[in-house]
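Letters A, B, ... mirror the listed sequences (proteins, then strands); counts begin at 1.
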There are 2 protein chains.
Amino acid sequence: MNLTILGCYAATPRTLTNPTSQVLEIKNRMFLIDCGEGTQVQLRKNKVRFSKINHVFISHLHGDHVYGLIGLISTFSLLNRKTDLHIHGPKGVKELILIQLKLTASWTSFDLYFHELEGKESQVVYEDDKVIVSTIPLQHRVYTNGYLFKEKPGERKLNLGKVEEYGIETCYYQKIKNGSDITLDDGRVIPNALMTFDPPAPQSYAFCSDTIYKEDIIPIIKDVNVLYHESTFLDSEEHLCEKTMHSTAKQAATIAKQANVKQLVLGHFSTRYDSIEPFKEQAQTVFENVHLADDGKIFEF
Amino acid sequence: MNLTILGCYAATPRTLTNPTSQVLEIKNRMFLIDCGEGTQVQLRKNKVRFSKINHVFISHLHGDHVYGLIGLISTFSLLNRKTDLHIHGPKGVKELILIQLKLTASWTSFDLYFHELEGKESQVVYEDDKVIVSTIPLQHRVYTNGYLFKEKPGERKLNLGKVEEYGIETCYYQKIKNGSDITLDDGRVIPNALMTFDPPAPQSYAFCSDTIYKEDIIPIIKDVNVLYHESTFLDSEEHLCEKTMHSTAKQAATIAKQANVKQLVLGHFSTRYDSIEPFKEQAQTVFENVHLADDGKIFEF
């Protein structure tokens, strides 16, 4: 699982900072999360293979999370993309894109599917044989969801020495990897646990931006490997959190601690600060394993 | 008069090339022409004073000329702009912006005025005491206008030696600069030409992008100081001009020659070419005074 930060700063794009967008690679799937202005250029700059993105997850309809989507879709068309593209996001995202395509006399070279969200409870929005994605209802000035990406448990690892010792034929290997016991010709039943090792623990990633401090999300993100939580402000601007519905670094860390996550990545920094180091320092007073996002940074988990 | 090229490449924004946008400074007014994705970052990168832009002129509603407008407007609001902003562009530009403001639950901190165009003849779209701007109807896949920016003739320069020689009081100076003759106390009439010099010749700038080769524009842009004309293609791709409704460098030069302009600036280069130098070479087989636009380039005229 790896995460490429394309942009992790709040509000307006600037010369050296980009609005929210990131690419999560998990089980060989590539998911784009949020799409602020300039995302397509950031994808190029970070050498992400555009064509592998088939699902885009939009947290909320604020410009710094969605203004780059129409440009990306247009570029996919100019590149003559043929693969379906799925957009998951709040109700309104379909109108936002379609009206722009209509007014710019554009169309897509591929099928475009919108999956609009209105629910207030966590719901599954994507599922295949290896990954499941569900929403994390957040609380912001407009309807907002985070997204939880979870690997499904993989198949068990074969203990090759053991299966050979029992003289089991290779045609049964897949069945064993799927968890079955085996009955030998002499009638003995070999329990699966004797022939296999546990698969690697499934990984999980929770993206939570933008939101006010909200303990309701803790049961949803409990024990995830990596939590990305917005931290727009430092302690000195905590008084702005309620009005703007954002969080401080310390609040993000408090969520991380209570949810017992393994690692916390902070992002969505207000551009008012000259340095982002204090975000880490303040968060670490509450929770130790903190990383700072930054545009162009790649995390390998 | 100076021109800052923010972006001059066709189609998709890329790591090192930006879609169309430029800033014309003329008589201390600052006009933004077209606004592809990333324009606000290009404005910052080129240290253009955002707040001085009060009028934006959009040639046509293709993404590479307009997708950056909503982001710029949003940023103006975040910066708490109070001055009116005027958007001139094809019918539809108002809906394009307002629907996005609505769907992103945004509003502006300033008054936003749309001046939508539908006319097929050249028309005046802006006029003040020093500058006049009119449309240049172009021919592209969608309704498109170029824009002609013309300084109005300035006041005449006072020949200070002469007016003092005639003993004319200073309270008449403005009248003389406005072109009046003066009757002295002894009845003599002093013709204005004896007391003044010609003002500097008014400058003019014609922006023509995107368009197929179109001789109809020649009377409108006749004798301008600077013509910016699109040249999407080199000769080798001339066969694409009719379908895509773009021009070659040589066609742009032919327009420049026939319109007797002083200087030609080429832009809107297709990103298929590794070097833009051949655009200049091919144009110069027809018209000598050719410049190549490039992102970040500033022309002083």
Side-chain angles (χ1 to χ4, degrees), chain A residues 7 10-19 36-47 50 58 60-79 89-106 140-144 270-271, chain B residues 7 10-19 36-47 50 58 60-79 89-106 140-144 270-271:
Chain A
T12 74
R14 299 184 310 169
T15 312
L16 297 173
T17 67
N18 294 278
E37 185 177 351
T39 292
Q40 61 172 314
V41 174
Q42 284 296 97
L43 284 168
R44 287 187 193 271
K45 213 175 261 179
N46 291 283
K47 303 195 192 309
F50 274 44
I58 300 294
H60 65 299
L61 299 185
H62 272 164
D64 56 333
H65 295 253
V66 74
Y67 281 162
L69 186 56
I70 182 67
L72 181 65
I73 288 171
S74 301
T75 293
F76 276 141
S77 286
L78 281 166
L79 298 174
K91 190 167 167 56
V93 69
K94 182 176 176 177
E95 187 183 356
L96 186 77
I97 297 303
L98 292 191
I99 199 96
Q100 291 186 80
L101 288 174
K102 189 194 99 180
L103 287 168
T104 59
S106 306
H140 191 44
R141 303 195 303 278
V142 295
Y143 175 72
T144 303
S270 164
T271 53
Chain B
T12 74
R14 300 184 310 168
T15 311
L16 298 173
T17 66
N18 294 278
E37 185 177 352
T39 292
Q40 60 172 314
V41 173
Q42 284 295 97
L43 284 167
R44 287 187 192 270
K45 213 174 261 179
N46 291 284
K47 303 194 192 310
F50 274 44
I58 300 293
H60 65 300
L61 299 185
H62 273 164
D64 56 332
H65 295 253
V66 74
Y67 281 162
L69 186 54
I70 182 68
L72 181 65
I73 288 171
S74 300
T75 293
F76 276 142
S77 284
L78 281 165
L79 298 174
K91 188 166 169 55
V93 69
K94 182 176 177 178
E95 188 182 357
L96 186 76
I97 297 303
L98 293 192
I99 199 95
Q100 291 186 81
L101 289 173
K102 189 193 99 181
L103 287 168
T104 59
S106 306
H140 191 44
R141 301 195 304 277
V142 295
Y143 174 72
T144 304
S270 164
T271 53

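- Atom CG of B:L16 has 12 or fewer heavy atoms from other residues, nucleotides or ligands within 6.0 Å.
- Taking chain B as the reference chain and counting heavy-atom pairs below 4.5 Å, the highest number among A:E95, A:Q42, A:H62 is found for A:E95.
- Between chain B and the residues A:V93, A:N18, A:I70, the largest count of heavy-atom pairs under 4.5 Å involves A:I70.
- Qualifying side-chain hydrogen bond (donor to acceptor under 3.5 Å, both in side chains) partners for B:Q40, counting only residues two or more places apart in sequence or in other chains: A:E37, B:T75.
- The closest side-chain heavy-atom distance from A:R44 to B:T12 is below 4.5 Å.
- Considering B:V66, B:L96, B:L61 as possible partners of A:Q100, the one that fulfils the side-chain contact (heavy atoms from CB on, under 4.5 Å) test is B:L96.
- Across A:G36, A:G68, A:G71, A:G63, the residue that shares the most heavy-atom pairs under 4.5 angstrom with chain B is A:G71.
- The closest side-chain heavy-atom distance from A:R14 to B:V41 is not below 4.5 Å.
- Only the side chain of A:K102 comes within less than 4.5 Å of a heavy atom in chain B; its backbone stays farther off.
- Rounding to the nearest 0.5 angstrom, the gap separating the CD1 atom in A:I99 from the CG atom in B:L103 is 8.5 Å.
- Contacts between B:T39 and chain A at a heavy-atom distance below 4.5 Å involve the backbone alone (N, CA, C, O).
- For B:L78, the part lying near chain A is the side chain, with the backbone staying farther off; criterion is any non-hydrogen pair under 4.5 Å.
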